[in-house]
Amino acid sequence: MEIRFLGHAAFEISDGDTRVLIDPFLAPENPAAVARPEEVEPTHILLTHGHADHMTHVVEVAKRTGATCVCIVELARWLSEQGVSDVADPNLGGTVEFEWGWVKLVPAFHTNTLPDGRVIGLSAGLVIGIGATTIYHLGDTALFGDLKLIAERTPVNVALVPIGGHYTMDQQDAVTAAELIDADTVIPMHYDTFPPVEADPERFKRDVEASPRTSSEVVILKPGESHTP
Ligand code: NI
Ligand code: MN
């Protein structure tokens, strides 16, 4: 099992023949991305919400590959309207099961809009069970206390945590988030893509690893790099 960071909030999780693409915002629109939309071959695509920096390339990639998409119901309906044929549409709290594992939508304190600007309510976080590993992609959330509840309900091996601030929790709040989740491994994301989300991942790593409230290890990935839990 391998977690590849594609830049910003985009990741690809590979396990055997399964390739799960999360929040496809790829090159060249994503200045931090190493992969272009024609260079990914997902079997499944998961979305945290409808903002452009999370799904610019979802329709293009889903139509080319036939990948199964999973996202919150209003966004799922929009994907279907764009001609994406294989869409699962849970709401918060819902779990979608596959032969390789499952995806659960959990709360994220962040807005959500469609590409035409229509407001559609809430964003999601994604708790993903793949093989024996549980991965929690926090989406664009602000800090909130139920991160602890979510991680108690499903202990997290790898947490993908935004640290860039401005549109999400900032890196000080992300240290507290890491303490609440207490994953084995934390991978920072959603920083240094654009000027408003600059952060210092090395300092984030030092702060988390110095905390007495968690034993999480922080793994900093550059776009294109991978981590094997
Ligand atoms: Ni967003
Ligand atoms: Mn974002």
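Order of appearance sets the numbers: ligands from 1, and atoms from 1 within every ligand. For clarity, every value in this text was computed on a predicted model and none was experimentally measured.
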Q | Flag for Thr65-Glu41: side-chain donor and acceptor within less than 3.5 Å | A |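 The answer is no; no qualifying pair exists.
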Q.
Hydrogens and angles aside, do His8 and Asp53 bring a side-chain donor and acceptor to less than 3.5 Å of each other?
A.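 Per modelled atom types, His8 and Asp53 side chains form a pair under 3.5 Å.
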Q: State the CZ-CD distance between Arg203 and Gln171, to the nearest 0.5 angstrom.
A: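 The distance works out to 5.5 Å.
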Q) Around the Mn ion (ligand 2), what protein N, O or S atoms are found below 2.8 Å? A)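 Less than 2.8 Å away from the Mn ion (ligand 2) sit Asp53 OD2, His54 NE2, Asp140 OD2, His190 NE2.
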Q | Protein N, O or S atoms lying under 2.8 Å from the Ni ion (ligand 1), listed by chain and number | A |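 The answer, once waters are left aside, is His49 NE2, His51 ND1, His110 NE2, Asp140 OD2.
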For [X], is the [atom1] atom crowded, meaning more than 12 foreign heavy atoms sit under 6.0 Å from it?
X: Phe109; atom1: CZ; answer: no
X: Asp116; atom1: CG; answer: yes
X: Arg64; atom1: CZ; answer: yes

(Q) Strictly by side-chain hydrogen bond (donor to acceptor under 3.5 Å, both in side chains), give each pair with a member in residues 120-147 just once, sequence neighbours left out. (A)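 Qualifying pairs, neighbours excluded: His49-Asp140, His54-Asp140, His110-Asp140, Asp140-His190.
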Q: Assign the ring pair Phe98 / His44 to parallel, tilted or perpendicular, where the plane angle (0 to 90°) is split at 30° and 60°.
A: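 The arrangement is perpendicular - the two ring planes meet at more than 60°.
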**Q.** Listed partners of Tyr167 passing ring-ring contact (aromatic ring centres under 6.0 Å, His included), at least two apart
**A.**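 Not a single residue meets the ring-ring contact (aromatic ring centres under 6.0 Å, His included) criterion with Tyr167.
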